[in-house]
2 protein chains.
Amino acid sequence: MNERKQHVINKAHQLFIEKGFQATSIQDILDYSGISKGTFYKYFSSKSELLIAIYKANFKKLQKERNDLLIGKNPSDIEVFIKQLELQMISNKKNKFVALYEEVMSTNDADLKHYIRITRLRSLRWMFSRFIDIFGEKNKPYLLDCAIMFQGLLQNNLQYNRLATDSNEKISNVVRFSVNRLVKLVEEVAEADEQLHPQELLEKWLPGPQKNNHEWISQFYKIINLMRNCITKHFHDKYDQEKYIELLEFIQEEIMHTRAPRKFLIESALQTLQNNPLDIWKKELLQLTQIITAFFQQLEENGEDEH
Amino acid sequence: MNERKQHVINKAHQLFIEKGFQATSIQDILDYSGISKGTFYKYFSSKSELLIAIYKANFKKLQKERNDLLIGKNPSDIEVFIKQLELQMISNKKNKFVALYEEVMSTNDADLKHYIRITRLRSLRWMFSRFIDIFGEKNKPYLLDCAIMFQGLLQNNLQYNRLATDSNEKISNVVRFSVNRLVKLVEEVAEADEQLHPQELLEKWLPGPQKNNHEWISQFYKIINLMRNCITKHFHDKYDQEKYIELLEFIQEEIMHTRAPRKFLIESALQTLQNNPLDIWKKELLQLTQIITAFFQQLEENGEDEH
DNA sequence: TCCGAATTATACTACCTGTATAAAAATATA
DNA sequence: TATATTTTTATACAGGTAGTATAATTCGGA
């Protein structure tokens, strides 16, 4: 991205943090970042679009850090989840994102409102999927409710805690306290077998990447299994067999159980499969490539880079 | 209140509900309510002050209805609490108070922000005191945390529920679901013996009527007991004894356990006590009157009419 | 009927967003 | 180096908003 544009984004973000979004006029931004009006409107069609640019720039970074915390860890380990939450809460506080959210909901800018709505829903979806990691498929029917309640519970705890003490180190205490409640909450709701929001709602609110789509999932597994059979049938060399099976399993693992599947790795793996000496499974490999391409396409459409 | 002014308040509230606070210009209000600019600024110093007037008008009514639900009921009955919540949530939805809250936090109007802050804290205090009614003194150390968490949990449940279905009848389901979680939450936190926010914080955030002040309470009970002893000692007629004891107990009950003590009733009771034929307890009665006067004074200062 | 208070209409200041445009500066190209 | 092209600036402008000020008008009560 244009360095000058990034500079404007940073300066404007500083002003928004200090004075708030509404209270910062475009003229303020022009003065503070040292550009002219013409340039501003060349970069951004409005103050709202500038704010969206700020969000996007930060979320991308945050999302990466959040996913990095999972690398090499067991996704069901709740300590990893706590770390991820802390990371996000500290970032939220530093960047005043919550305050800016609320401010924005008041504006009459439909685009901005929509963006915020989507962002919140994405956050909910992330939490829901992490809950599935942590609390298991058996609790799935209750986990959307739990995610909704936990978000509110945590947010209020943080808000009032900030009112009480303005120290940063306390955030981890608040997160841990809240998560302690969460664990029992999940148990309790599952025990009572009560549901307020069916999990399909999430898909309705946020037509997502096909990861949540059962049809897609079953098709993906079908092809993977077909190929696995191919391998055991056609490769008699034990070393080759193992190598290709491992590649296949890596692809499966990366796509199904990684927060942000690494496209380049998967493409590389597909390439290696294609370059096998026997030249079997032409059809299956094409299907696999297609379904994975579709997956990444949807991921990007629904990901952080919408329009 | 001036009928014309009330008319402006109603019309403006309609506009705020339809278009939002920020999006409604003063000119819109002038046109819609049919007054001139001069008159507007005679009534309200700004649009913000008009909004505060809207809040006050509605809260007074809501508070009355909410307290009426308790009349003749056991305060520890959770069904009453559920009814009270439903009442408030339906009102919030109808009047779009939550949306208006959020909008307001973005404005740079310090007065308005302060008012909203106080209003939210009052709501929290109300919930805290109701939790004490319901879950008992033994759980008190955990009930502020529970109130904070429950507010967030309920709010989020309602918000996402509105996103899912826009029907009004569902509100009671959401409330009941949330309260079911609450009951177990209180048990669980007490069991774990974890506390995030000490209850003194509430007093610090919202220096309240002395009802929460232990010193005042003990003094109040001391005087009441002194007078009770007087009665049993000096009145030998069984009918008189019972009558004065009942008056005393009414005062105690009304002040200590009623959400909005009825000043006129208490003053009337005090008057009756003063007019007793024996003319004993002059000193004690004076003390009681003083402490009750102080109580009502603080109640009004901290009550709903803060400017 | 008349006085004074309430109300209106209107003009005015100061600020805001967003558009348009000509001049100046930076950059690329020959 | 000289010329062409793009980027950036400075500035004026239109249309909107909040709030102040003031003269004219209306209305209710003595």
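Because the structure is a prediction, the values reported are computed rather than measured. Just so we're on the same page: letters track the sequence lines, and every chain starts at 1.
- Taking the side chain as every heavy atom from C-beta outward, Lys204(A) and Leu201(A) approach each other to under 4.5 Å.
- Rounded to 10 degrees, the angle separating the terminal axes of the helix from dT1(C)-dA30(D) to dA30(C)-dT1(D) is 0°, with each axis obtained from five end pairs.
- At least one test fails for Lys96(B) against the ring of Phe16(B): distance under 6.0 Å to the centre or angle within 45° of the axis.
- Qualifying ring pair (Phe, Tyr, Trp, His ring centres under 6.0 Å) partners for Phe40(A), counting only residues two or more places apart in sequence or in other chains: Phe44(A).
- One can place CG of Leu30(A) at 14 Å from P of dT8(D), the figure rounded to the nearest angstrom.
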For a quick test of your reading: what N or O donor-acceptor pairs under 3.5 Å do the side chains of residues 147-164 of chain A make, sequence neighbours left out?
from, atom 1, to, atom 2, distance (Å)
Gln151(A), NE2, Ser123(A), OG, 3.0
Asn156(A), ND2, Ile148(B), O, 2.9
Asn157(A), ND2, Ser178(A), OG, 3.1

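- The nearest whole Å value for the distance from the CD atom in Gln27(A) to the P atom in dT9(D) is 13 Å.
- Rounded to whole angstrom, the span from the CG atom of Leu50(A) across to the C1' atom of dG18(C) amounts to 15 Å.
- Residues Leu124(B) and Phe128(B) are not in side-chain contact: their nearest non-hydrogen atoms beyond the backbone lie 4.5 Å or more apart.
- Applying the ring pair (Phe, Tyr, Trp, His ring centres under 6.0 Å) test to Tyr32(B) and every residue at least two apart in sequence or in another chain returns nothing.
- Rounded to a whole Å, the OH atom of Tyr41(B) is 12 Å from the P atom of dA21(D).
- The pair Asp28(A)-Lys19(A) meets the salt-bridge criterion, with a side-chain N (NZ, NE, NH1 or NH2) lying under 4.0 Å from an Asp/Glu carboxylate O.
- Nucleotide dC15(C) holds its C1' atom 11 Å from the CG atom of Asp28(A), rounded to whole Å.
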Measure all distances between protein nitrogen or oxygen atoms and nitrogen or oxygen atoms of nucleotides 4-9 of chain C, and list the pairs falling under 3.5 Å.
from, atom 1, to, atom 2, distance (Å)
dA6(C), OP2, Lys42(B), NZ, 3.2
dA6(C), O5', Lys42(B), NZ, 3.4
dT7(C), OP1, Arg4(B), NE, 3.4
dT7(C), O3', Arg4(B), NH2, 3.2
dT8(C), OP1, Arg4(B), NH2, 2.8
dT8(C), OP2, Ser36(B), N, 2.9
dT8(C), OP2, Ser36(B), OG, 3.1
dT8(C), OP2, Thr39(B), OG1, 2.5

Tyr101(A) vs Tyr55(A), ring-ring contact (aromatic ring centres under 6.0 Å, His included): CA-CA, chis, key distance, verdict: CA-CA 10 Å; Tyr101(A) 273 150; Tyr55(A) 278 135; 5.7 Å; yes
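- A straight line from CD1 of Ile26(B) to P of dA18(D) spans 5 Å, rounded to a whole angstrom.
- Evaluation of the side chain to side chain contact (heavy atoms under 4.5 Å, CB included) rule for Gln271(A) yields Gln274(A), Asn275(A) as partners, not counting sequence neighbours.
- As a whole-Å value, the separation of Glu3(A) CD from dT27(C) P is 12 Å.
- When distances run from any side-chain atom of Ser46(B) to the nucleotides dA18(D), dG19(D), dG18(C), the shortest one goes to dG19(D).
- Taking atom NZ of Lys19(A) as the reference point, atom P of dC15(C) lies 13 Å away to the nearest angstrom.
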